[in-house]
Amino acid sequence: MTVKAVETKPCEYCLGAGYFQLLLGGSETCSSCEGTGKKKDE
């Protein structure tokens, strides 16, 4: 049995962070990857 690694690429909008840092302080969850930091496969 061979195990194949699934390649996950970081989200291109938040760069894998899962959130955006706001200018006035705080953070907002990335709506593109829903906070996972990984690009969704469509």
Side-chain angles (χ1 to χ4, degrees):
M1 182 171 118
T2 58
V3 178
K4 186 175 181 183
V6 178
E7 200 174 314
T8 55
K9 296 183 180 177
C11 177
E12 57 212 29
Y13 296 104
C14 65
L15 302 175
Y19 62 91
F20 295 107
Q21 198 69 35
L22 301 177
L23 292 174
L24 299 175
S27 60
E28 183 177 320
T29 303
C30 178
S31 58
S32 178
C33 66
E34 297 172 350
T36 63
K38 293 180 174 60
K39 191 174 181 181
K40 280 198 251 179
D41 293 330
E42 294 175 22

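The first residue in the sequence is number 1, and the count goes up from there. Computed from heavy atoms alone, side chains included, the values below leave out hydrogens, waters and symmetry copies.
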Interatomic spacing from OH in Tyr19 to SG in Cys30 - rounded to 0.5 Å | 12.0 Å
Spatial distance of atom CD (Glu12) from atom NZ (Lys39) [nearest 0.5 Å] | 4.5 Å
Looking only at non-hydrogen atoms, find the nearest pair between Cys14 and Phe20 and report the distance.
-> CA-CE2, 4.0 Å
Locate the shortest heavy-atom distance separating Thr29 from Glu34; write the atom from each residue and the value.
-> CG2-C, 3.8 Å
Side-chain donor/acceptor of Glu28 to backbone N/O of Leu22, under 3.5 Å | no
Identify the two heavy atoms, one from Gly26 and one from Gln21, that lie closest to each other, and give their separation to 0.1 Å.
-> O-NE2, 3.1 Å
Could you point out which residue of Cys33, Ser31, Ser32 forms a side chain to side chain contact (heavy atoms under 4.5 Å, CB included) with Tyr13?
-> Ser32
